[in-house]
Structures are given as C-alpha cells and as structure tokens.
Amino acid sequence: MPELPEVETTRRGIAPYLIGRRLLGAVIRNPRLRWPVAANLNDLLRGQRPVAVDRRGKYLLLRLASGCLVIHLGMSGSLRIARAAEPPRAHDHLDLVIEDGTCLRLHDPRRFGAVIWTTRPPEDHPLIRDLGPEPWSATAEYLWRRARGRRTPVKNYIMDGRTLVGVGNIYASEALFSAGIRPLRAAGRVTRAEYARLAAAIIRVIDRAIAAGGTTLRDFLGADGEPGYFRQRLRVYGRAGRPCRRCRVLVRRVVIAGRATYYCPRCQR
DNA sequence: AGTGCGGCCTGTCCGC
DNA sequence: TGCGGACAGGCCGCAC
C-alpha cells in the first residue's frame with residue numbers, strides 16, 4: 001500500500017486529530033514489528049501533546065516535546081483514527097490513545113513497518129540521516145551527476161532512497177514510462193535530457209497520486225483507509241500482455257532486483 | 001563504493 | 001474444497 005503519496009495522505013489525515021491533543025499513552029498489542037516497539041512507550045507518551053506530524057520520505061515523524069515517534073508503514077501498514085473503545089481487529093498492533101476517547105491505530109499484517117522512539121532529532125537517526133532529497137528537490141542535474149559511472153538499472157537507481165525518496169515500485173515503472181526510458185538502462189547511460197524528463201515525470205506522478213489520495217481523505221476515518229485511487233490511473237504497472245495505452249504495443253513485465261517491472265518496448269528506449 | 005540478494009511476515013490468488 | 005507455490009506497493013544488512 002504505502003508509497004510516498006499514501007504516507008503523505010495519511011499524514012494529512014491524522015495530523016488534525018493529534019496536534020495539540022494530550023496523549024493518554026500507548027497500548028501495545030504486538031511489539032514485534034521490524035524492530036521491537038519500545039516496551040515503555042506508554043510512559044514515554046503519557047501526558048504529551050504532539051506539536052507536529054511531519055514526513056521525511058516514507059517516514060512519519062510525530063514530534064513531541066521530549067522526542068519523536070518515527071513511524072514507517074512498511075509494505076502493508078496503515079494508520080487510522082478509531083474510537084479507543086472499538087475492538088481491535090487482527091493485526092491492529094498498536095494504539096496511541098488520545099484524550100478525547102479516540103486513538104491512532106496501527107494496522108500492519110506483514111509487520112514490515114516500524115515504530116521507533118528517539119530523543120534526538122529524527123533527521124539524525126541512522127534510518128533517516130542518509131536519505132536523498134524529496135522528489136520535488138531532486139533536480140535533473142543532481143540525478144544526472146550522481147549517476148555518473150553507475151551501472152545499476154535506472155529503475156533501481158531511482159528507487160534507492162539515497163538517490164531520492166518516495167519512488168516505490170509502482171511509481172518507478174510509471175515515471176519511467178512517462179519519461180520514455182527503459183527501466184533496465186544503466187543509470188550512468190541515461191542522458192541529461194532524459195533525466196530532465198524523468199525528474200519531471202517523478203514529480204508529476206507523485207503529485208497526481210497525492211491529489212488522488214486526497215480524495216480518499218473523506219472516508220479516511222472509515223474502514224481501513226484502503227485508497228483505490230491508483231488503479232485507474234496507472235499507465236503500465238500491472239498491465240503485462242495488455243496493449244500500451246499510448247501505442248497499443250503489448251506491455252512487458254520483467255523482474256529487476258526481485259521486483260516486478262513493467263514497460264512499453266516501443267514508447268520506452 | 002557500488003551492487004545484488006536473502007530475509008523479514010501474512011494474506012491472497014491461481015492452478016492443480 | 002484443499003493445497004502448494006507465486007506474488008504483493010519496503011528496505012535493512014550482509015557478502016562480494
């Protein structure tokens with residue numbers, strides 16, 4: 001589920017329910033996420049009021065006076081505001097209980113997500129420190145220069161969080177299609193002009209997805225917040241063997257670094 | 001240093 | 001209807 005647009009949609013959805021509200025504590029039902037959830041989280045949070053809910057890449061940063069709760073949704077995580085009294089469903093691993101009888105509830109079947117408490121600036125945390133720029137700050141010149149000599153496929157290159165953040169598996173295929181670049185091309189062989197198209201395509205795809213994700217904000221408080229926005233918008237992802245929406249040639253699927261990758265052999269060179 | 005891969009988990013879907 | 005295997009939108013940590 002969560003690529004950057006969904007994390008951003010989540011951030012916008014939960015922030016108003018958290019900022020300035022007093023937290024009563026945390027209920028940990030299953031601490032076994034990617035890393036164990038701090039056993040004393042309840043004590044750490046009790047009585048505090050979040051001052052900001054920020055995002056860096058796909059990490060959510062819940063800032064408090066005494067520290068920061070860093071949340072990552074992994075492959076299958078989601079957050080929603082629920083009534084604290086509402087019975088948790090399977091895989092509802094954690095609640096942050098809010099004074100008004102609601103809670104922020106983390107749901108994550110695969111448990112690839114993470115909830116990390118840090119008292120240092122989260123920007124200095126090892127998981128966040130080495131992240132590349134947000135997509136809107138990743139210029140064509142930067143992408144091109146950094147790729148000098150790189151032989152890794154350009155798809156891997158743009159999915160590497162040290163290059164830039166926010167390009168997940170779906171949007172990597174989508175952006176490369178939009179820019180007309182084959183995903184297996186060596187990053188160092190992609191031209192300046194192509195990086196100009198690619199940088200613009202990444203921003204366009206992500207901006208559109210955020211805008212579409214925003215439309216699901218309305219029912220954010222409803223069920224599990226599963227947004228269906230992307231399906232109809234995808235140009236190549238998941239369309240193997242079906243005609244390219246631009247030229248009708250059949251879309252191909254290849255596996256790059258273990259991840260499904262889709263491209264049009266005519267529109268992308 | 002850059003690169004590729006195994007691993008973490010559960011749920012779903014598809015073919016037999 | 002049951003069962004095995006492939007696959008799923010992330011990313012760390014390690015070997016080379």
Side-chain angles (χ1 to χ4, degrees), chain A residues 1-10 29-37 55-60 70-79 88-94 106-116 125-132 135 143 145-177 183-189 202 205-206 208-210 212-213 216 224-241 253-262:
Chain A
M1 285 163 231
E3 295 205 29
L4 184 146
E6 272 155 310
V7 178
E8 177 61 18
T9 300
T10 296
R29 293 184 203 86
N30 185 351
R32 292 162 50 225
L33 302 183
R34 175 180 273 278
W35 297 281
V37 176
R55 179 190 56 73
R56 177 73 176 98
K58 294 171 191 166
Y59 292 91
L60 286 167
V70 178
I71 303 174
H72 195 288
L73 299 176
M75 288 273 254
S76 60
S78 60
L79 288 168
R89 286 174 275 191
H91 311 303
D92 282 347
H93 304 310
L94 175 71
L106 173 71
H107 177 85
D108 185 5
R110 290 175 77 178
R111 288 192 278 121
F112 288 176
V115 174
I116 297 162
H125 194 279
L127 291 171
I128 295 175
R129 196 176 47 203
D130 301 323
L131 293 178
L143 291 175
R145 192 162 13 91
R146 190 177 195 277
R148 292 309 85 209
R150 297 284 201 94
R151 296 215 292 262
T152 197
V154 62
K155 186 197 178 224
N156 292 2
Y157 174 67
I158 60 172
M159 284 182 67
D160 184 339
R162 289 163 301 188
T163 303
L164 78 166
V165 297
V167 181
N169 197 44
I170 290 179
Y171 297 129
S173 280
E174 293 294 308
L176 288 164
F177 174 79
L184 277 165
R185 293 260 306 278
R189 296 296 187 99
I202 289 169
V205 165
I206 288 177
R208 275 192 199 150
I210 291 174
T216 66
D224 41 34
E226 175 75 34
Y229 63 76
F230 44 82
R231 282 284 171 225
Q232 60 274 26
R233 307 233 173 192
L234 297 182
R235 305 298 301 273
V236 283
Y237 188 88
R239 292 183 49 81
R253 177 187 189 273
V254 291
V255 174
I256 304 178
R259 313 298 300 278
T261 308
Y262 301 85

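The model shown is predicted, which means the values in this text are computed figures rather than measured ones. So that the names make sense, note that chain A is the first sequence line, chain B the second, and so on, each numbered from 1.
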In whole Å, what is the span from the [atom1] atom of [X] to the [atom2] atom of [N]?
| X | N | atom1 | atom2 | answer |
| --- | --- | --- | --- | --- |
| D160(A) | dA1(B) | CG | P | 15 Å |
| Y262(A) | dG9(C) | OH | C1' | 11 Å |
| I256(A) | dA8(C) | CD1 | P | 13 Å |
| I128(A) | dG10(C) | CD1 | C1' | 15 Å |
| R162(A) | dG2(B) | CZ | P | 8 Å |
| H107(A) | dG11(B) | NE2 | P | 9 Å |
| Y171(A) | dG10(C) | OH | P | 10 Å |
| L106(A) | dC9(B) | CG | P | 16 Å |

### Task
Sort out for me which residue in V205(A), L234(A), V236(A) forms a side-chain contact (heavy atoms from CB on, under 4.5 Å) with F177(A).
V236(A)
### Query
Nearest of dT3(B), dG9(C), dC9(B) to any side-chain atom of R151(A)?
dT3(B)
### Query
Can you tell which of dT3(B), dG11(B), dA8(C) lies closest to the side chain of P109(A)?
dG11(B)
### Task
Go through the N and O atoms of the side chain of R111(A) and the base of dC9(B), and report whether any donor-acceptor pair is under 3.5 Å.
no
### Task
Please state whether the base of dG10(C) and the side chain of E3(A) form at least one donor-acceptor pair under 3.5 Å?
no
### Message
At under 4.0 Å between heavy atoms, how does the protein contact nucleotides 11-16 of chain C? Give one character per nucleotide, 5' to 3', with B, S or -.
### Response
BS----
### Task
Identify whether any heavy atom of D108(A) sits under 4.0 Å from a base atom; if not, whether one sits that close to sugar-phosphate; answer base, sugar-phosphate or nothing.
nothing
For the [atom1] atoms, the ones on [N] and on [M], what distance do you get once it is rounded to whole angstrom?
| N | M | atom1 | result |
| --- | --- | --- | --- |
| dC11(C) | dA1(B) | P | 23 Å |
| dG9(C) | dT3(B) | C1' | 23 Å |
| dG11(B) | dC12(C) | P | 24 Å |
| dG6(B) | dA6(C) | P | 14 Å |

### Query
Between T261(A) and R253(A), do the side chains contain an N or O donor and an N or O acceptor separated by less than 3.5 Å?
no
### Query
With no hydrogens and no angle check, do the side chains of H107(A) and D92(A) hold a donor and an acceptor under 3.5 Å apart?
yes
### Query
Is S76(A) near enough to dA8(C) that one of its side-chain N or O atoms lies under 4.0 angstrom from OP1 or OP2?
no
### Task
Give a yes/no on whether any side-chain N or O of N169(A) is located under 4.0 angstrom from OP1 or OP2 of dG10(C).
no
### Query
Do the charged groups of E8(A) and R55(A) touch, with an N to O distance under 4.0 Å?
yes
Expected output: side-chain [X] to main-chain [Y] donor-acceptor under 3.5 Å:
| X | Y | answer |
| --- | --- | --- |
| Y157(A) | L143(A) | yes |
| N169(A) | A260(A) | yes |
| E174(A) | Y237(A) | yes |
| N30(A) | H93(A) | no |

### Message
Requiring both pairing distances under 3.5 angstrom, list the stems that contain DNA chain B and are made of three or more consecutive Watson-Crick or G-U pairs.
### Response
B:2-8 with C:10-16, B:10-16 with C:2-8
### Query
Is F112(A) stacked on the base of dC8(B), meaning ring centres closer than 5.5 Å and planes within 30 degrees of each other?
yes
### Message
Can you tell me if R189(A) has over 12 outside heavy atoms packed within less than 6.0 Å of its CZ?
### Response
no
### Message
Please determine whether the number of non-hydrogen atoms from other residues, nucleotides or ligands lying under 6.0 Å from atom CZ of R148(A) exceeds 12.
### Response
yes
